[in-house]
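Report on one structure; see the data block that follows.
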Amino acid sequence: MEIKTIVYVILAIILAPIAGGLLSRIDRRLTAWFQGRFGPPILQPFYDVIKLLGKDRQVVNYWQIFCVHIYLVAAILCVALFAMQGDLLMIFFVMTIGAVFMVAGAMAAPSPYSQLGAQRELIQMLTYEPLLVIVFVGIYFVTGSFKIDEILAYDRPIFLLLPLLYLVLTFALTIKLRKSPFDISASHHAHQELVRGVLTEYSGPYLAILEIAHWYDIVLILAICSLFWSTSFIGMVILLAVTYLAEIVIDNVTPRMTWKWMLTYVWAVGISLSFFNMALLYAKNF
Amino acid sequence: MSTIVPFGPQHPVLPEPLHLKLVLEDEIVKEALPTLGYVHRGLETLASIRDMDQMVQIVERVCGICSCIHAHTYCMCVEGMMGIEVPQRADFLRIIWSELHRMHSHMLWLGLLADALGMESLFMHVWRLRERVMDVAEATAGNRVIISVNKIGGVRRNMSPDQLRWIVQVVDELETELDKIKSVLTNDYTVKKRTVGKGVLTYQQAYELGAAGPQLRGSGVAQDMRMTGYSAYKYIDFAPVVEKDGDSWARTMVRFRELYQSIDIVRQLIAKIPDGEIAVKVKGKPSGEIVCRSEQPRGELMYYVKASGDKYLDRVRIRTPTFANVPPLLAMLPGCEMADVTVIALSIDPCISCTER
Amino acid sequence: MAFETKNLTKNQLVGEVLALKNQGYRLVTMSCVDLGESFDLLYHFDRETQLVHLRLTLPKGEVAPSISGVYFAALLIENETRDHFGVIFDGLVLDFGGNFYLEEEVKKYPFCKVTVGKSETAGEGA
Amino acid sequence: MGFFKDLLHKSRMKSPWLIHFDCGSCNGCDIEILACLTPVYDVERFGILNIGNPKHADILVVSGTVNYRNAKALKNIYDQMPEPKAVIAIGACGTSGGVFREAYNVLGGVDKVIPVDVYVPGCPAKPEAIIDGVVLALEKLKERQPAKETEPLVADLKKAREFYENREDRQVTG
Amino acid sequence: MLDMTATVVRNFLTKTHTRLYPFKVREVFDNVRGNLDNNIEECILCGMCQKKCPSQCITVDKEAKIWEVDPYACVYCGICVDNCPTNCLFMHKEYRKPAKVKESNQMLQLKGPEKKKKATE
Amino acid sequence: MLVPQMLGISIVLPFIAAVLCLINVPPLRSMLVIGTGVVVSLASLVLVQGGAFSLSPESIFGINPDGLIAVLDFALLFVILGISYQLKSKLVATLTILQLVPLAFLELFMKPGENMGPALYGDQFSMIMCMVISIIGSLICVYGLAYMKEHEHHLKLTASRQGRFFFFMILFLGAMNGLVFANNLLWLYFFWEVTTFCSFMLIKHDDTEVAVTNATRALWMNMLGGVAFVFGMILFRSQGLPLSLQEIITAESASKLVLLPIGLLCFAGFTKAAQLPFQSWLCGAMVAPTPVSALLHSSTMVKAGVYLVVRLAPAFAGTLFSTYVALFGAFTFLAAAVLALSQSNGKKILAYSTISNLGMIVACAGINTPAAMSAAILLIVFHAISKGLMFLCVGTIEQKIGSRDIEDMRGLMGVMPKTAMVAVVGIVTMFLPPFGALLSKWMAVEASAHLPLVVLMLAMGSALTMVFWGRWLGLIMTSVVPEKGLQAEEQSSLIRVPLVFLATSAIIISFVAPGLYSAMVLPVLERFYSADLYVAAQGMISNNIGMFALYPVFVILALGVIYAARVSSAKGFFKRGSYVTPYVCGLQDPTDSRRLGFKGPLGVWADFKTTNYYMENLIGETRISSWINLVAVGILIILLAGVF
Ligand code: SF4
Ligand code: SF4
Ligand code: SF4
Ligand code: SF4
Ligand code: SF4
Ligand code: SF4
Ligand code: SF4
Ligand code: SF4
C-alpha cells in the first residue's frame, strides 16, 4: 500500500465522525428552522455523545455490547475501505456486517420493542440492499468497474447518465439516515410506536458507540453519493447539499409509513426507476 | 406464533398512561386488552369533604384540557337544582371560553396525531398555532390551561370590549393559518395512506358501542350536545359536523372542520354578546338529583349530581367522553397494524385523566 | 330539576334494557349512589339527545344483573362500580374483579359510606 | 484529565434528555411540558430532547399525583435510568398531590416514591417554570451527587395506606 | 404528497417563533394568577381563606398570628383572593420559581392591621 | 503418485466398508466408520498432491470394469423396479422402465465404448469435490455415530437398524467419489443412480409413513433426472460423440445439435440439485435423521447435481441456453430465499437456503464467465462446510431442546453455549464477509453485472438471505445475563469434534481462500477461459472490474472481534456496570429483576414473547409454492425448448 493511501485512510477514520456529527447538527438546526424553531447549539451532537459516554453502564444482555462494537468496527472498516478506494460491492457487503450485528444486538435483548425494531430493521435492509446493488451495477455499467479508483477516473459526472439511479440511491440514503417516511425501526427521538426501536435497550456509552457508528455510516453513504459527481469538487458539494436538504424537507413533510408500504413501494419504484434508467442508457448506446 | 407487546403506561407516543397489552402476529394486532387506573385519583369522593364551591375547582381539574367545560357543566347542575338564573352575559362568556378550549384541544390533538404519524413538523406547526389560543386564555382568564373562570352563579372574570375585538382578530388569523395546512390533511398521499381506512367504526358500531363526540360524528351520527342549546348555544347557528367513513381520517376531518366551526361560533358569540352582570349571588344549599350534559371537544359529558341540602353534596358522578370511547377503541384495534395502533388510539383523542377521574 | 326515573326490580332490568336498545336507545352511563342500606343504580339512556333513566334499588349484599351482555360498553361502568362500591355484577363479560382502577393496597370500597373490608366481601358483594 | 472532566461536565449540562411520565396528572401539566418542546419555547435550544425512554434519559419529569398503581411503574422507570440522573416533579400534583391530596387513591406527590431533585409549583406549571426547573436540575447532573435517601416503595405504600385508613369517617369513606 | 412543503418552507423563510425564554422574558398579561402572597400587615387572620380554599393549603393560626400557605399544594385558583374580606391577599404576576427543597410560605404577623379592621367588619 | 491406489481407496474402499457396517457390533462399526473416514480423507488429500490425471482401470478385482458397471447398472435398476412394486408406485416403475429399455438399447446397439477416452479423469475440480465429500462426509458419518445412538434411544427401538443406516451412508461417499472422478458417462450414470438409491433408502430410514412418501417423492424426481440422463447419452451417441465427459466439454463443435443432450444432462443435474420445481424432494428429506440431511445437503447428492452442471458449463458457454440457465438459477436463488424467509423450522430454512445456494451455483454456471465459474466452485466448497456445520448444529440442538423450530432456539446461548457459539460461526460464515460463501456471492454478483435481470434477482435474493440468517443469528443470542456466567455444556466428543472441526475449518479455509483459488480453481478455469480471470495476490482477489481485499478485512474484523469479546465478556462487564431489565413501559416485576415480561391487564403476568415475521399469509410455503413452481416450470420449458 502506498503512503498516500494510508494517509487517506487515517484521515477518513478521524474526519468521518466529525463530519457525521456536524452533519447531524446541521440536520437538527435546519429541521428546527423548518419547524419554525430556533434549534440546538453548534456542538450539540458532540455534547450528546460525550455525555452518553460519561453515563453509567447498564446492560440487558452482554451480547449486545459485543454486537455494538462489531457494528462500530465494521462501520469504520467500510469508511477505511472507501478511502482505500476499494471495491464498491465489497464495501457494501462489509457494511452488511455492521447492519446485521446491529440487528443481532437488538435481538439479543429480550425486549419487545428492541426485537420488533430488529425485525423492522431487517425489513429495511431487505428494502435497501437490492437497490444499492443495482446502483453499484449501474455505476459499473457506466464506468466498467466496481473499483472506486477506476470510477473516479471516469471523466464525466455519472449523475448525468444515471439520474434516476441516483434517486434510487437517495431512497437507500433516507432509510440509512432513519428519516421519515422510513424511520420505522428506530428514530432520533422516541416518537414512535416502538419507542426507539433497535436502540431501545442500548444505554449510556453503548448508545454513544451506536451513534458514532451511525455517523460513519452516514458519511459512507454520502461518499457513495458523491461518486455521482466526482469530476468537480463544486459539483460534488452542490449535489450533496441539495440531496441532504431534500432529505430534510422530505423528513419534515411526510409521516412515517409502515414496513409493508415501504417494502412494496420502494421496491416497485426503485426497481422500475432503475430499469428505466438502464433502458435510457441502452438507448443512448445504440 | 405471536408477539406480546406492552403499550403504556409510560410510552413516548401515547402521552396518557393507558396500558394496552397487544398480541401481535407479523405486526397485525390480534388482541388488545386495556388496563386502566394509572390516573385514577377518586376525585368524586372529594365531594364528601369539600363544599360545593370548592368542588368547582376540583372538577375543573378532572382534566386540564377542557377544564372549563367541566366546571361549567358542574355549575349548570348546581344552578339547576337551586333554580338559579345565570346572567346572559355570563352564559356567553362561558361559551366563548368553552369554544376557545375546544379549539386549543383540537389543535393539541392534531399535533399529537401528527406526532404519532411521525410528522414532527406538523406537530410543531400546529402547537405553535395553538399558543395563540393559549395566550388568549392567559390574557382573559389569568392562566393558560386551567382557567378557573366558572363559579356557581356565573363567571369570575369579565372580558373587555378590547379583549373581545382581539379575540376576533386572533381567530381570524387562525383561520387563515388553518387554511394553509388544510391540504396536508385532505390531500396528502402519505397522510391519507396512514389514516384512510384505518380503524373503521361503522355507523352501527359507533351507535351501539356508545361512542361520543367526533368519534360518533365521524361514523355518520349527527349528534352533538350543543344542539340541546344549553347556555348560550341556543342563540347560535351551527350544525354538527359529520363525516361518513368512520375511519381515522374521517375523525380527523371532523375535528379539523370543527375548528372552523368553533371559529365561527366564537365570532357569532362576540357579535351577539349582551352587556350586563356576570354573576348572581348564591344563597342556600341545593337538594335533589340532576343530570346535565354538555359537549366537550371529545364528545358528550354528563354530570349526575345528588344533594340533600347538606353542606356537602351526596354524589357527583362524571361520565366523560373518553370513557364512552374506550369500548369502540377496543373494537377497532384487532386487525390493524401495530404502527396504526397509536394512530387509531389517538384518533379517538383519548383523555384518560377524565376517564378515570 | 329532578328527573323522571322508572323504578325496576332486579328481574325486570335486563328485559327493560333490551327493550330500550331495540327502540334505538344508547347507553350513556350508569350512576351508583350509596343510600346507606342499599344502592341506587341509575341507568341513563339516550336517543337523539333525549334521556331516559331507569332506577334499580339494590339492597346491600345482593348481586346485580349485568347489562354488559346487552350493551358491551356497560362493561367498563360495571367494573368501575365494582371497584368503588363493591357491587358484584352477575354475567359481566370481562370481570376485573375489583382491580379495575385499584391496586390491592386499597382495602376499602371508597365510595361506600359504611366502611367494609374488601377482602371479606369479595365473594358476596356486600 | 481535567480537560476531559470539564468537557464531560459541560456536555452533561448541554444535553439533558428528558423522559416524561404522566403519573396521574389532569393533563394540564402534561400539555405544558409538551408545550416546552414546541416552537414557542423550543427547549431543544438547550439540547433538551424528549427521549421517551428511561434508558436514554437524564431527567425524569413527572407530573401528577401518583397513585398506588402508577407508583410502581414510576419506581421502575426511575430504576431503569442510568446515573447520573435527576427527577423533576411538576405542578401542585407532582409536588404534593395538589387539590387531590386527600382523595383516597392518591399517594400525594412524587417524592413519596422516588427522590425528587426539583419541585416546580403551579397548577399547571408554566412552561417558563418548567424550563427553570430543568436548569436547576442540571446542577445535579453536572457533578453526580448521591441520590437523596427515600424509603423503599413498599414501606411508603404502607405508610400511605395507614394515613388513608386512619382518616376520619366523614372523610371519604363516610 | 408534498402538501406540507409550502408550510415548512414558509417556516424556514420567516423568523423563528421561539420566545428565547431565559434570555428574553416576555411581558406578562395583566391579571395573571401567579404566586400567592399576603400583605400580612393587613390580614385580620379571619380564616376565610382557609375555609374557602379548595386545596385546603392555607393555615391560619389566630393565636400565634401565623398565616401559612403551602405553595406546593396551592393550585393558584385565586378563590382565597376573591374571598378575603380585607383584600390583603393578592397574586403576583410572576409564577413561583422552582426549588430544590419544598418550603411552605409562612408569615408571622408582627403588628396587626390598623383601623381598617373595623371598616371591613 | 499412487493415483490408482488412492482412487481405489476413495471409491472402492467405502463400498467394502459399507458392507462391513452391516455386521451388528457397535464398537466395531464405530471404528470402521471412523477408520474409513480417516483413510478416505487422507486419500483425498494425497490425491490433491498429484495434480490432474486420467486413468482407465484395466480390471477391478479381475473383472472388466465396463462390464461390471453395466451389470451393476442393470442390477440396480431392477432393484428399484422391485422397490416400485413394493411401493405400489406406477410412476417410479414407469420411470425405471424408461431407463431400463433405452439403457439396454444403448448398451446393445450404440457401441457405447467407441472412442472412449479414459474412464476416470481427475482435475482440481474433481479433487475439490472429492475432498469435500471425503472430509465433510466422513465427519458427518462420525457425528452420525453419536447421533443415531441417541436417535434410536428416543425412538425406543429394540433392534438397532444402524447397520443399514451406515451401510448407505458410507456407500454414498463411495458413490459420490466415483461420480466426481468418472469420465465415462456410463460410469457417471451408474454412480448417479447409486446416489439416488442411497438417498431413497436413507430418507426412508425411519420407515414412518411420511418417511416413505417423502422418500418415494425423492426417488421419482431423481429417476426423472435419470431418464433425462439416459436419453442424453443416447443422443450423444446418435450424433457420434463418445460418452466421455472431457470429450464433450472440450468439443470444438459446440453446435446447436449438441446442446440438446447437454440440456438433458443439465436437467438431470437440476433434479438432483433440487432446483425448482423439484425442491420438494429435498425438503421432504427432512424427515430423515439429521446426519442424512447434512450429508444430502452439504457434501453429497445435491452437490452431484451442480457438479454436473458446472462441469458441462464450458460446453454451452456463450449460447442463449447459457443465459437461460443463469436466469433459471437466479430465479431458484430468489424464490428459495423467499420460501426460506417464511419458515421457522430450522431444518427447512437450511433446506431452502441450500436450494437457494445451489440456484446461485447454477446461475454462475449459466453466467459462464471465469469469475462466475470461480464463484460456483468456491461456493460448492464453502457452502458444504457451513451447511454441514449448520445441520449438525441443528441436530445437536434438537436432541437437547426437543425442537428444530428456530423460535425455540431463543436464548440458546444460555442453554448450550458451546453449540450456540458453533451455530453462530456456522451462520456467520454462511452469509457475511469476509467468509468464503460471501466471497463467492460477491464474485457471482460482479460476474452477473452485465445481465440486469439476473443481477436483480441475485441482489434481491441475497437481501432475503441476509434477513433469514440475520434473525436466526440474533435470536440465538436473546437471553438474560446469566446469574453466574455460562455453565459448561456436556457433549459426546463424537459430536463435539465434528462441530469444532467444521467451525474452525469454515474460518480457516475462508482465510486461505486466495491460496485455494490459485491452487485449485485457477488451473481448472485456465483450461477453458483465458481472459478476466481473478488473480489472488497478497490476500486480495481481484480482476479487471473488482477487487476483494480479503486479508485487510479479515484481519481488522478479527481484531474487532477480539476487542469486542474482551469488553463484553461477562466477567469484565460486571466489574464496570450493572444489569437492568428490558424496558416494558414501567411494568416489570419489581420483586424479581430477572423475570422477563410485564404485568398486564387483570393483573395477569405476561411473559416475554416475540416472534420473527414469517409473513405466512403473504409468502407462506403453501401459498406461493405453486406459483413459484409454475414460473420455474415456465423457465425450464423455455430453457429446454431453446435447445431443440
Ligand atoms: S374532556 Fe378532557 S379536556 Fe375536556 S374537560 Fe374533560 S377532562 Fe378536560
Ligand atoms: S418523527 Fe422520527 S425522525 Fe422525526 S423527529 Fe420524530 S423521532 Fe425523529
Ligand atoms: S384523556 Fe382525559 S385528561 Fe386527557 S385530555 Fe382527554 S379528557 Fe382530558
Ligand atoms: S398541578 Fe394542576 S394542572 Fe398540574 S396536573 Fe395537577 S391539577 Fe393538573
Ligand atoms: S381571608 Fe384575608 S384577612 Fe382573612 S386570614 Fe385570609 S388573608 Fe387574612
Ligand atoms: S364577616 Fe367577618 S367573620 Fe364573617 S366571614 Fe367575613 S370576615 Fe369572617
Ligand atoms: S389560590 Fe386557590 S389553592 Fe391557592 S391558596 Fe388560594 S384558594 Fe387555595
Ligand atoms: S429428536 Fe432427534 S434424535 Fe430424537 S428421535 Fe427425533 S430426530 Fe431422532
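By convention in this document, chain letters (A, B, ...) are assigned in the order of the sequence lines, proteins followed by strands, and residues within each chain are numbered from 1.
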**Prompt:** Are any non-hydrogen side-chain atoms of F/E446 and A/Y140 less than 4.5 angstrom apart?
**Reply:** no
**Prompt:** With a 4.5 Å heavy-atom cut-off, do A/P112 and F/V584 have their side chains touching?
**Reply:** yes
What closest approach, in Å, do [X] and [Y] show between heavy atoms, and which atom pair accounts for it?
X	Y	answer
F/A549	A/M90	N-SD, 3.0 Å
F/A564	A/H69	CB-CB, 3.5 Å
F/P433	A/F93	CG-O, 3.1 Å
A/E201	F/P582	OE1-CA, 3.4 Å

**Complete:** When the 4.5 angstrom heavy-atom criterion is applied to A/Y113 and chain F, the contacting part is side chain
**Asked** Which region of A/I271, side chain (C-beta onward) or backbone (N, CA, C, O), has a non-hydrogen atom less than 4.5 Å from a non-hydrogen atom of chain F, or is it both or neither?
**Response** side chain
Examine whether an atom of [X] lies under 4.5 Å from a heavy atom of chain A, and if so say whether it belongs to the side chain, the backbone or both; otherwise answer neither.
X	answer
F/Y563	side chain
F/L438	side chain
F/L432	side chain

**Prompt:** Quick check: are there more than 12 heavy atoms from other residues, nucleotides or ligands sitting under 6.0 Å from CZ of A/F275?
**Reply:** yes
From [X] atom [atom1] to [Y] atom [atom2], the distance as rounded to the nearest 0.5 Å:
X	Y	atom1	atom2	value
F/M460	A/E129	CE	CD	12.5 Å
F/L453	A/M278	CG	CE	12.0 Å
A/I70	F/L557	CD1	CG	7.0 Å
A/L122	F/W469	CG	CH2	14.0 Å

**Prompt:** Just by distance, with hydrogens left out, do F/R471 and A/Q115 show a side-chain donor and acceptor under 3.5 Å apart?
**Reply:** no
**Request:** Go through the steps to decide whether F/M547 and A/F146 satisfy the test side chain to side chain contact (heavy atoms under 4.5 Å, CB included), and finish with yes or no.
**Result:** CA-CA 8 Å; F/M547 176 196 64; A/F146 284 100; over 6 Å; no
**Message:** Applying ring-ring contact (aromatic ring centres under 6.0 Å, His included) to A/W259 and F/Y613, what does each step give before you reach the verdict?
**Reply:** CA-CA 11 Å; A/W259 64 264; F/Y613 300 172; 5.5 Å; yes
**Donor-acceptor contact present, side-chain F/T478 to main-chain A/A109, <3.5 Å** = no
